[in-house]
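The structure appears right after this line, and notes come after that.
Excluded from the calculations below are hydrogen atoms, water molecules and symmetry mates; all remaining heavy atoms, backbone and side chain alike, are included. Order of the sequence lines sets the chain letters (A, B, ...), proteins ahead of strands, with each chain counted from 1.
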Amino acid sequence: DTAVSQTPKYLVTQMGNDKSIKCEQNLGHDTMYWYKQDSKKFLKIMFSYNNKELIINETVPNRFSPKSPDKAHLNLHINSLELGDSAVYFCASSQVGFTEAFFGQGTRLTVV
Amino acid sequence: DQQVKQNSPSLSVQEGRISILNCDYTNSMFDYFLWYKKYPAEGPTFLISISSIKDKNEDGRFTVFLNKSAKHLSLHIVPSQPGDSAVYFCAARGTYKYIFGTGTRLKVLA
């Protein structure tokens with residue numbers, strides 16, 4: 001039973017399109033995150049949510065809009081995709097008073 | 001400004017020997033550090049952590065050492081096994097985020 005699951009695992013799309021990545025966690029955690037791993041393999045925080053409220057937005061372009069319908073879900077919608085958006089996106093979750101975060105398997109987004 | 005740094009992008013070690021992965025940080029306010037292991041096409045998985053009130057934490061073959069005065073931590077794997085071959089990320093816990101280093105690719109040679 002997967003703790004943090006993301007869909008899809010792979011996403012290939014054309015420039016200018018709009019796409020969404022879904023994330024669900026069944027750990028009962030209060031905090032969820034989106035991370036981006038770029039071509040240099042650097043894992044960088046994009047957003048963090050606590051109890052459905054946005055806590056961190058790390059200077060991410062407005063084309064990226066996270067949405068948390070409930071504590072167990074954090075989706076990422078990307079408008080007007082650009083070539084530079086190609087990366088692997090990881091969803092993660094942790095508990096308040098947290099120690100470690102648990103990561104999903106990642107979504108490899110390729111913009112062509 | 002990279003607050004967590006792993007200066008060795010790769011490391012090769014013979015099976016059975018010790019692997020030592022290093023990590024430096026710049027923010028003295030960090031109070032909790034973690035090591036993650038990542039295989040290709042998978043998400044990072046938690047390996048071991050250490051609180052800033054300790055200088056050592058051990059879990060089986062894995063030991064993490066923290067030197068607060070030097071702002072340095074290291075992960076020791078003894079003995080190294082071929083299945084340990086992966087990318088290892090050091091991370092520091094910030095406020096509602098984890099700050100990762102750039103990773104070290106460990107290759108354990110059989």
Side-chain angles (χ1 to χ4, degrees), chain A residues 2-10 21 23 25 27 29-60 66 68 74 88-108 110, chain B residues 1-11 21 23-25 27 30-54 57 59 62 64 66 73 75 86-107:
Chain A
T2 308
V4 181
S5 59
Q6 295 178 229
T7 53
K9 184 164 183 173
Y10 299 97
I21 306 170
C23 178
Q25 54 96 2
L27 299 166
H29 288 167
D30 296 314
T31 307
M32 295 187 73
Y33 313 84
W34 279 109
Y35 277 82
K36 179 180 180 180
Q37 187 178 36
D38 58 23
S39 56
K40 294 182 181 176
K41 307 302 182 186
F42 186 43
L43 269 168
K44 186 171 166 55
I45 183 76
M46 299 173 68
F47 302 101
S48 67
Y49 270 72
N50 183 248
N51 281 319
K52 304 191 300 176
E53 298 297 323
L54 177 66
I55 304 296
I56 286 179
N57 177 343
E58 286 280 308
T59 60
V60 179
S68 182
L74 180 61
V88 182
Y89 293 85
F90 289 100
C91 176
S93 73
S94 68
Q95 182 62 327
V96 170
F98 52 85
T99 52
E100 70 270 24
F102 292 79
F103 281 78
Q105 64 182 0
T107 297
R108 180 175 291 279
T110 304
Chain B
D1 179 30
Q2 209 169 322
Q3 298 186 70
V4 178
K5 299 177 186 178
Q6 294 175 256
N7 292 318
S8 299
S10 63
L11 174 68
L21 295 93
C23 177
D24 298 295
Y25 61 96
N27 189 340
F30 289 148
D31 65 352
Y32 199 81
F33 302 90
L34 309 94
W35 284 94
Y36 280 82
K37 178 179 179 178
K38 186 182 179 306
Y39 292 117
E42 293 184 13
T45 53
F46 171 72
L47 195 56
I48 192 170
S49 61
I50 188 166
S51 164
S52 60
I53 62 172
K54 295 185 174 182
N57 188 27
D59 184 2
F62 302 91
V64 55
L66 176 62
L73 62 156
L75 173 68
V87 177
Y88 289 78
F89 288 96
C90 168
R93 185 178 65 182
T95 305
Y96 286 104
K97 63 181 176 182
Y98 296 83
I99 300 144
F100 284 84
T102 48
T104 296
R105 182 178 300 278
L106 173 66
K107 186 180 285 187

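Within the 4.5 angstrom heavy-atom criterion, only side-chain atoms of A/E58, from C-beta onward, approach chain B. Proximity to chain A involves both the backbone and the side chain of B/T102, based on heavy atoms less than 4.5 angstrom apart. Heavy atoms of A/K44 lying under 4.5 Å from chain B are absent altogether. If you measure heavy-atom distances from B/T45 to chain A, you find no contacts under 4.5 Å at all. Using a 4.5 Å cut-off between heavy atoms, A/L43 touches chain B through backbone and side chain atoms alike. For A/S94, the part lying under 4.5 angstrom from a heavy atom of chain B is the side chain only. Residue B/Y96 touches chain A through both its backbone and its side chain, counting heavy-atom pairs closer than 4.5 Å.
No side-chain heavy atom of B/W35 sits under 4.5 Å from any side-chain heavy atom of A/E100.
The backbone N or O of A/F47 sits nowhere less than 3.5 Å from a side-chain atom of B/K97 that would complete a donor-acceptor pair.
Between the OG1 atom in B/T95 and the CD1 atom in A/I55 there is a gap of 10.5 Å [rounded to 0.5 Å]. Distance CZ/A/F102 to OH/B/Y36: 7.5 Å, rounded to 0.5 Å. Rounding to the nearest 0.5 Å places CZ of A/F42 at 4.5 Å from CD of B/Q2.
Scanning all heavy atoms of the two residues, the minimum distance from B/P44 to A/F103 falls at O-CB, 3.4 Å. Considering every non-hydrogen atom in both A/T99 and B/L34, the closest pair reads O-CD2, 3.7 Å.
Partners of A/Y35 under the side-chain hydrogen bond (donor to acceptor under 3.5 Å, both in side chains) rule, at least two apart in sequence or in another chain, do not exist in this structure. Applying the side-chain hydrogen bond (donor to acceptor under 3.5 Å, both in side chains) test to A/D30 and every residue at least two apart in sequence or in another chain returns A/K71.
Contact count against chain A (heavy-atom pairs under 4.5 Å) is highest for B/Y98 among B/F100, B/Y98, B/Y32. For the options A/C91, A/G104, A/A101, heavy-atom pairs under 4.5 Å to chain B are most numerous at A/A101.
Enclosure of atom NZ in B/K107 is not indicated, since only 12 or fewer non-hydrogen atoms of other residues, nucleotides or ligands lie within 6.0 angstrom.
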